[in-house]
Each structure stands twice: as structure tokens, then as C-alpha cells.
**Q** 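Dropping a structure here in C-alpha cells format, bear with me for questions.
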Amino acid sequence: MQDRNKWFDPLPERQPNYVIWWSDMLSNVSWMEAFKRYDSYIQHGPDSFAFDFKHPFDEFGVPVALK
């Protein structure tokens, strides 16, 4: 993540260039799923469906603080 500026161009509206989510099954990890979750993040902000490291959630959907 430290080198992300080498790999990604800056986004004009300060949108994240990634989202993360919890998944029990590898079949739930696809580009289609990622785009759906990214779009949800952009439309609604971070929640347990799609979040980032600044606004993390645990596997039960509860917000957590990273140290």
C-alpha cells in the first residue's frame, strides 16, 4: 500500500482507489463483486458492505479502530 502512488493515478474527487470486504468464500471475490462494492462505497460511504483501512469493520459488521 505504501507504493500505491506508483501504481495508481490520483482520482480527481478524492475517491479511494480500493475497497475491502469480508468474505467466507473465494467465489465471492471477483471483479464484478469488487465494482459493485466500490460503487456502493462511492454512493453511500464506508459500511460493513465495503470499507477501507481508514474506516474498518470487523467480520460481524462492527466498526473497529486500527492502531
Side-chain angles (χ1 to χ4, degrees):
M1 294 301 293
Q2 291 175 342
D3 291 332
R4 68 183 172 269
N5 291 332
K6 295 178 186 176
W7 306 322
F8 299 103
D9 290 332
L11 297 171
E13 298 177 15
R14 301 288 302 153
Q15 297 171 346
N17 51 18
Y18 69 94
V19 295
I20 52 179
W21 66 93
W22 291 97
S23 176
D24 291 335
M25 299 174 42
L26 187 57
S27 63
N28 290 344
V29 181
S30 66
W31 282 109
M32 182 178 283
E33 184 68 18
F35 285 126
K36 180 172 71 174
R37 290 178 184 265
Y38 183 82
D39 187 52
S40 174
Y41 183 102
I42 298 303
Q43 298 296 319
H44 308 288
D47 58 19
S48 61
F49 185 71
F51 51 94
D52 58 19
F53 289 118
K54 291 182 181 179
H55 309 97
F57 288 77
D58 68 12
E59 65 271 24
F60 304 108
V62 177
V64 296
L66 297 179
K67 294 182 180 187

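None of these values were measured; they are calculated from a predicted model.
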**Q** Can I20 be reached from M32 by stepping across I, L, V, M, F, W or Y side chains whose heavy atoms are under 4.5 Å apart?
**A** no
**Q** Using a 6.0 Å cut-off, check whether atom CG of D24 has over 12 heavy atoms from anything other than its own residue.
**A** no
**Q** List the atom pairs, with distances to 0.1 Å, where a side-chain N or O of residues 39-48 and a protein N or O form a donor-acceptor pair under 3.5 Å, not counting sequence neighbours.
**A**
| residue | atom | partner | partner atom | Å |
| --- | --- | --- | --- | --- |
| Y41 | OH | D52 | OD2 | 2.6 |
| D47 | OD1 | F49 | N | 2.9 |
| D47 | OD1 | A50 | N | 3.2 |

**Q** Which pair of non-hydrogen atoms, one from L66 and one from P56, has the smallest distance, and what is that distance?
**A**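 That would be CG-CG, 3.7 Å.
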**Q** If the condition is side chain to side chain contact (heavy atoms under 4.5 Å, CB included), which residues does E59 pass it with, not counting sequence neighbours?
**A** W22
**Q** Quick check: is F53 connected to V64 through a chain of hydrophobic side chains (ILVMFWY, heavy atoms under 4.5 Å apart)?
**A** no
**Q** Give me the other members of the hydrophobic cluster that W31 sits in, counting Ile, Leu, Val, Met, Phe, Trp and Tyr linked by side-chain heavy atoms under 4.5 Å, directly or via other members.
**A**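 Its cluster mates, by chain and number, are F35.
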